[in-house]
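Down below is the structure, laid out as structure tokens.
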Amino acid sequence: MRVVLPALELHEITRRFGTLTALDNVSLIIRPGTIHALLGENGAGKTTLMRIAFGMIPPDTGWIVVAGVRRRLSSPAEAIAAGIGMVHQHFSLVPAMTVAENVALGGRGLYRFDEAAKRIAEVGKQTGLKLDPSSRVSDLATADRQKLEIVRTLAHGASVLILDEPTAVLTPRDTSELFGQLRLFAESGGSVVLITHRLQDVLDHADEVTVLRRGRFVMNAPVSDVTRSTLAIAMIGLSDMQSQETRKPVTRTDVVAQIHSVPLPDHRGICSDSEVSLELFAGEILGVAALEGAANGLLRILAGRLAPKSGQIELPSHVGFVPENRQQDAIVPEFSLTENFALKGAGKRKGLLRWKDLRNRTAAIVREFDVRADSPDMAAQQLSGGNQQRFVLGRELADNPSLLVLDNPTQGLDVSAAASIHAKMRSACNSGAAVIFFSSDLDEIVELSDRVAVINNRRITMARPDRDEIGRILLATDIATGTSG
């Protein structure tokens, strides 16, 4: 009887950074031909463990076995030579280069286009990840850039593929296509390690799941034996992720904001000939489902950050806005939390800044929104992504806005941080505000929304919070404009 060895084993791994124990005696076994999900909150140690497997950082104690051979991986080059590849959360491509040139980077010898193109074609035949080797990376869509990261890794001979949050910036359609390609790779004998915070991706696509919590191993099981609830309990120790206050019923009588006959701009700022109309009511959560970049114009118009070329727009005096890129558009990372709080209303405020009052109000946000900060004087860049997002949301809710506009508010956040954001959205509605939010996660839209505005071809069609209905509209090529649910 032929014995099939594990593709990758990590045994009793411990790693400390100063006084912080990032990993405490963690073991993990990855089997060939499987997609293995690695779950845990931000800071649980998932990425640290995989960086050790990829030779980026050494463990303090423990050892690694690859295909039955014990190895000491002291660099990514050694890991790649052992058949381990890692695709990081943020793209590491060179936009000015072609697909073939990016694939050839990190290889040996002279660059030859024909050889790179041949290897790209071989990976495409094996996995379905097909790309034009002569295309320039700057011209690729986000989904194709994610494909290229994986193709480049596989082209260097990886049989174990580590992916860190690969679906964070993908649409539902692109996510489904990616997992189909990863399944083909697994069926050909490869192994996939999936670092993710999306429970539904795990339940829909993984074979096995391991959960870490605060640097320690908590659970390992076949995905067929787990549920969303058991995974949530393992990740954060809470039995009920929906222990939020009950939403009040929406009457849809008080219009908080509306736009009429407004052309929507695309991601380049170019407006279409078609015009859209939309009403937002007090106490409702309106979800926005759209392909990449298509919701940005609508949200910025409703947030008062973008003036429409024509049409009518009515907004309340107080609007809270949480943009998608918090580092670029919501905070100054080097500023303290108090200084970032003072940015709220910049350009409108008159008179002297009362720093003592601003500091006290910032401290109140830190307490109320469970922002893990030592003090209001802490620099924003020292916070985790989830804590930055909670702070920005707290700042935007500080003056009780009548309208709250959120652009992908839980992107990249773990289950606990996302649940906290959801609770604040519900609470704002119960206080009489209208909430409109875009999410790249269709399940999140379905879970939270009273109605859904689906954007396709820069037109809006209203839908029920039903995944199939939203999906059909998103993928349609010709949609009639709608304004009511």
Side-chain angles (χ1 to χ4, degrees), residues 142 169 171 255-281 284-332 340 343-348 388-389 391-393 395-399 401-412 421 424-425 428 433-441 444-445 448-449 451-462 474 481 483:
T142 299
V169 294
T171 66
V255 177
V256 171
Q258 59 183 322
I259 59 175
H260 182 69
S261 299
V262 170
L264 287 187
D266 61 16
H267 64 283
R268 299 165 296 175
I270 300 174
C271 292
S272 64
D273 294 332
S274 59
E275 299 172 339
V276 301
S277 299
L278 188 68
E279 291 181 328
L280 290 94
F281 298 95
E284 82 163 340
I285 296 179
L286 178 64
V288 179
L291 300 180
E292 180 189 359
N296 186 266
L298 173 66
L299 295 180
R300 290 186 175 269
I301 288 172
L302 288 169
R305 302 302 200 274
L306 180 65
K309 299 293 184 182
S310 60
Q312 299 174 330
I313 178 170
E314 295 181 18
L315 299 177
S317 57
H318 290 93
V319 179
F321 178 48
V322 178
E324 180 178 29
N325 190 331
R326 53 182 172 263
Q327 294 276 352
Q328 179 177 309
D329 299 326
I331 62 173
V332 179
N340 273 286
L343 293 176
K344 173 71 173 174
K348 298 179 181 179
Q388 288 178 357
Q389 194 75 327
F391 169 75
V392 172
L393 183 60
R395 181 186 66 188
E396 297 304 304
L397 287 172
D399 59 354
S402 300
L403 174 62
L404 184 61
V405 182
L406 308 172
D407 192 350
N408 231 356
T410 64
Q411 182 181 17
I421 300 296
K424 296 302 182 183
M425 292 167 64
V435 175
I436 180 169
F437 80 105
F438 163 75
S439 175
S440 54
D441 185 343
E444 184 177 37
I445 293 175
L448 294 174
S449 304
R451 296 183 299 154
V452 179
V454 186
I455 301 178
N456 195 344
N457 297 329
R458 281 176 280 174
R459 297 178 178 179
I460 293 178
T461 297
M462 300 307 299
L474 268 178
T481 302
T483 58

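Numbers here are sequence positions counted from 1. Quick caveat, the model's predicted, so the values are computed rather than measured.
- You'll find the side chain of Met425 reaches within 4.5 Å of the side chain of Leu406, heavy atoms only.
- In this structure, Leu280 CG and Leu404 CG are separated by 11.0 Å, a value rounded to the nearest 0.5 Å.
- There is no side-chain donor-acceptor pair under 3.5 Å between Gln312 and Ser261.
- Residues Val452 and Ile445 come closest through the heavy atom pair CG2-CG2, 3.7 Å.
- Between Asn340 and Arg395, the shortest heavy-atom distance links the atoms O-NH1, 2.9 Å.
- The distance from atom NE2 of His260 to atom CG of Leu278, rounded to the nearest 0.5 Å, is 12.5 Å.
- Residues satisfying the side-chain hydrogen bond (donor to acceptor under 3.5 Å, both in side chains) test with His318, not counting sequence neighbours, are none.
- Pairing each heavy atom of Val256 with each of Ser402, the nearest pair is CG1-O, 3.3 Å.
- Put simply, CD1 on Ile455 and CG on Leu474 are 9.5 Å apart, with the number rounded to the nearest 0.5 Å.
- Between Pro409 and Gln389, the shortest heavy-atom distance links the atoms O-NE2, 2.5 Å.
- For the residue pair Gly320 and Glu396, the shortest heavy atom distance occurs at CA-OE1, 3.6 Å.
- Atom CD of residue Glu324 and atom CZ of residue Phe438 lie 6.5 Å apart, to the nearest 0.5 angstrom.
- With values rounded to the nearest 0.5 angstrom, Ile460 atom CD1 is found 5.5 Å from Ile259 atom CD1.
- With a 4.5 Å cut-off on side-chain heavy atoms, Pro316 and Pro401 do not count as touching.
- Separation of atoms CG (Leu302) and CD1 (Ile313) is listed at 6.0 Å; rounding is to 0.5 Å.
- In this structure, the side chain of Gln328 does not engage the main chain of Asn325 through any donor-acceptor pair within 3.5 Å.
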For this session: Please assess Phe437 against Val288 for the test side-chain contact (heavy atoms from CB on, under 4.5 Å), listing each intermediate value before the final yes or no.
Result: CA-CA 6 Å; Phe437 80 105; Val288 179; over 6 Å; no
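- The shortest distance between side-chain heavy atoms of Leu393 and Lys424 falls below 4.5 Å.
- Nearest heavy-atom pair across Ser449 and Leu286 is OG-C, 4.4 Å.
- Salt-bridge check for Asp407 with Arg305: failed, with every basic side-chain N at 4.0 Å or more from each acidic carboxylate O.
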For this session: Could you please spell out the steps behind the side-chain contact (heavy atoms from CB on, under 4.5 Å) verdict for Leu403 and Val405?
Result: CA-CA 7 Å; Leu403 174 62; Val405 182; 3.9 Å; yes
For this session: Give the intermediate values and the outcome of side-chain contact (heavy atoms from CB on, under 4.5 Å) for residues Ile436 and Leu299.
Result: CA-CA 8 Å; Ile436 180 169; Leu299 295 180; 4.2 Å; yes
Exercise. How far apart are the C-alpha atoms of Thr461 and Asn456, what are their side-chain angles, what is the distance that settles it, and do they pass the side-chain contact (heavy atoms from CB on, under 4.5 Å) test?
Worked result: CA-CA 8 Å; Thr461 297; Asn456 195 344; over 6 Å; no
